[in-house]
Amino acid sequence: MPELPEVETIRRQLREKIVGKKLDGPPAGEAGKKIVDVRRRAKILIIDFSDGSSLIFHLKLTGQLIFNGESSKHTRHIFKFDDGSRLVFNDIRKFGWWKYVKSSKDIEKTFGPEALEVDLKTFKEVLKKSPNAKIKPLLMDQKVIAGIGNIYSDEILFTAKVQPVRSIKTLKPEEIGAIWSNIGRILKLAIKNRGTSERDYIDALGKKGDYLKYLKVYRKEGQKCPRCSGVIKRIKIGGRSAHFCPKCQR
DNA sequence: AGGATGACCAGGACGC
DNA sequence: TGCGTCCTGGTCATCC
């Protein structure tokens with residue numbers, strides 16, 4: 001499921017492939033528009049045109065954007081470019097969406113600071129606004145920090161040795177520091193490995209990401225903790241599953 | 001008011 | 001084979 005590292009991987013690959021090209025449509029109304037940039041905000045992918053308008057995508061759980069991909073029964077849309085190349089949007093569960101907007105400004109400002117750009121001071125400030133909230137749901141709240149989802153929130157909290165149910169006000173400064181530094185470290189390592197192909201995710205070139213082998217706790221319920229003698233536990237927090245080691249995460 | 005909970009979307013996986 | 005249940009992220013409604 002595409003979180004920041006997966007969307008960022010697609011962004012970088014697509015940028016190389018489509019900047020400078022013109023959209024041939026569909027949608028026909030947008031035909032002829034020249035692509036000037038491919039950006040990302042939170043988990044949203046943004047294709048900018050020279051007139052200031054944009055195509056924006058949210059891949060949700062199972063969306064795929066594949067450059068020159070083949071169409072399948074899960075293909076929702078195919079964007080064609082003036083040189084004959086194309087971009088295939090697949091989505092098995094149809095949770096994802098795309099739309100054409102005159103301006104992407106309104107969408108972009110609905111999110112909190114980017115997870116890879118937030119400094120420690122700002123991170124502490126945004127956490128402090130919700131002293132009673134649990135750390136995991138807060139890390140996944142896009143209005144608080146943008147880009148982190150279920151996989152990486154579990155991995156970040158494991159590496160920081162903090163249990164997902166801890167409320168903000170109980171966190172020591174060094175624990176907040178550990179969470180913050182691991183946000184950067186883990187997301188960057190995941191980007192380097194072109195994301196996690198746990199289920200349906202593939203990158204814009206149709207290849208799987210390699211971060212799966214680095215996962216320590218996500219979807220590893222009942223397995224031995226890679227750090228101590230504990231056993232990975234799965235609990236529900238806010239309707240989502242959280243994986244952690246009850247022994248070495250405090 | 002803010003935090004918690006549940007519904008919703010769709011389809012695949014899995015147990016029986 | 002088929003049926004029920006679970007699972008998934010983000011959003012929204014509702015409740016306390």
Side-chain angles (χ1 to χ4, degrees), chain A residues 1-11 40-46 56-65 71-77 88-99 101 104 106-115 124-157 162-171 183 186-187 190 195-202 208-209 211-212 215 217-223 232-244:
Chain A
M1 49 224 72
E3 301 179 27
L4 186 152
E6 290 76 24
V7 181
E8 179 64 18
T9 298
I10 291 169
R11 182 192 78 81
R40 178 190 57 75
R41 178 75 171 104
K43 304 171 191 174
I44 305 255
L45 189 88
I46 305 164
I56 57 175
F57 298 82
H58 199 308
L59 302 178
K60 293 287 184 89
L61 276 79
T62 58
Q64 303 171 336
L65 272 174
S71 64
S72 74
K73 64 174 179 175
H74 298 303
T75 298
R76 305 297 163 199
H77 199 86
V88 178
F89 177 43
N90 296 330
D91 192 5
I92 296 161
R93 268 167 269 185
K94 297 181 184 173
F95 289 172
W97 50 262
W98 68 269
K99 58 184 169 183
V101 292
S104 59
D106 289 345
I107 293 135
E108 291 175 50
K109 68 185 179 192
T110 60
F111 299 107
E114 279 291 318
K124 281 178 176 172
E125 282 167 7
V126 295
L127 289 191
K128 244 181 231 175
K129 289 178 187 169
S130 303
N132 294 308
K134 296 181 173 74
I135 181 63
K136 178 176 164 86
L138 209 61
L139 282 182
M140 292 169 62
D141 187 336
Q142 304 303 298
K143 293 186 200 68
V144 178
I145 300 285
I148 301 169
N150 216 24
I151 296 177
Y152 297 106
S153 60
D154 277 354
E155 296 299 310
I156 289 161
L157 290 173
V162 172
Q163 290 204 8
V165 289
R166 290 276 299 281
S167 64
I168 301 306
K169 66 186 176 194
T170 70
L171 295 176
I183 287 173
I186 287 175
L187 294 182
T196 303
S197 288
E198 203 272 335
R199 286 187 171 182
D200 302 292
Y201 168 74
I202 49 176
K208 288 185 172 186
Y211 195 76
L212 188 65
L215 293 183
V217 289
Y218 181 76
R219 292 233 161 181
K220 297 198 182 290
E221 182 187 16
Q223 296 183 32
I232 304 305
K233 198 175 168 184
R234 180 167 73 114
I235 60 169
K236 283 271 184 187
I237 306 173
R240 304 286 171 229
S241 57
H243 311 77
F244 67 102

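Since the structure is predicted, the reported quantities are computational estimates derived from the model, not experimental observations. Note that these values count all heavy atoms, side chains included, but never hydrogens, waters or copies made by symmetry. A, B, ... follow the sequence lines: proteins, then strands. Residue 1 opens every chain.
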query = Can you tell me how far P of C:dC12 sits from NZ of A:K143, to the nearest Å?
reply = 7 Å
ask   = Does the separation of the ring centres of A:Y211 and A:Y152 fall below 6.0 angstrom?
value = yes
Short N-O contact, A:R11 and A:E8, less than 4.0 angstrom = yes
task = Taking only the side-chain nitrogens and oxygens of A:R219, find out if one of them lies under 4.0 Å from OP1 or OP2 of C:dT8.
result = yes
What are the atom names and distances for every N/O pair under 3.5 Å that joins the protein to nucleotides 3-6 of chain B?
| unit_1 | atom_1 | unit_2 | atom_2 | d |
| --- | --- | --- | --- | --- |
| B:dG3 | OP2 | A:S130 | OG | 3.3 |
| B:dA4 | OP1 | A:K134 | NZ | 2.8 |

query = Separation of A:E3 atom CD from C:dG9 atom C1', in whole Å?
reply = 9 Å
key: Closest to side chain of A:R240, choosing from C:dT11, B:dG11, C:dC7   = C:dT11
note = Per-helix bend value, the helix from B:dG2-C:dC16 to B:dC16-C:dG2, C1' rotation axes over five pairs per end, 10° rounding, shows 40°
task = Name the nucleic acid region contacted by A:T62, choosing base, sugar-phosphate or nothing; use a 4.0 angstrom heavy-atom cut-off, strictly under.
result = nothing
ask   = Quick check: does any side chain N or O of A:N132 sit under 3.5 Å from a backbone N or O of A:S167, one acting as donor and the other as acceptor?
value = no
inquiry  = Please check this pair: side chain of A:T62 against backbone of A:D200, looking for a donor-acceptor N/O pair closer than 3.5 Å.
reply    = no
query = Any idea how A:W98 and A:H77 line up, ring-wise: parallel (<30°), tilted (30 to 60°), or perpendicular (>60°)?
reply = tilted
Give every pair of a protein N or O atom and an N or O atom of nucleotides 12-14 of chain B that lie under 3.5 Å apart, one pair per line with the distance.
none

ask   = When we call it a touch if two heavy atoms are under 4.0 Å apart, what does A:D91 touch: a base, just sugar-phosphate, or nothing?
value = nothing
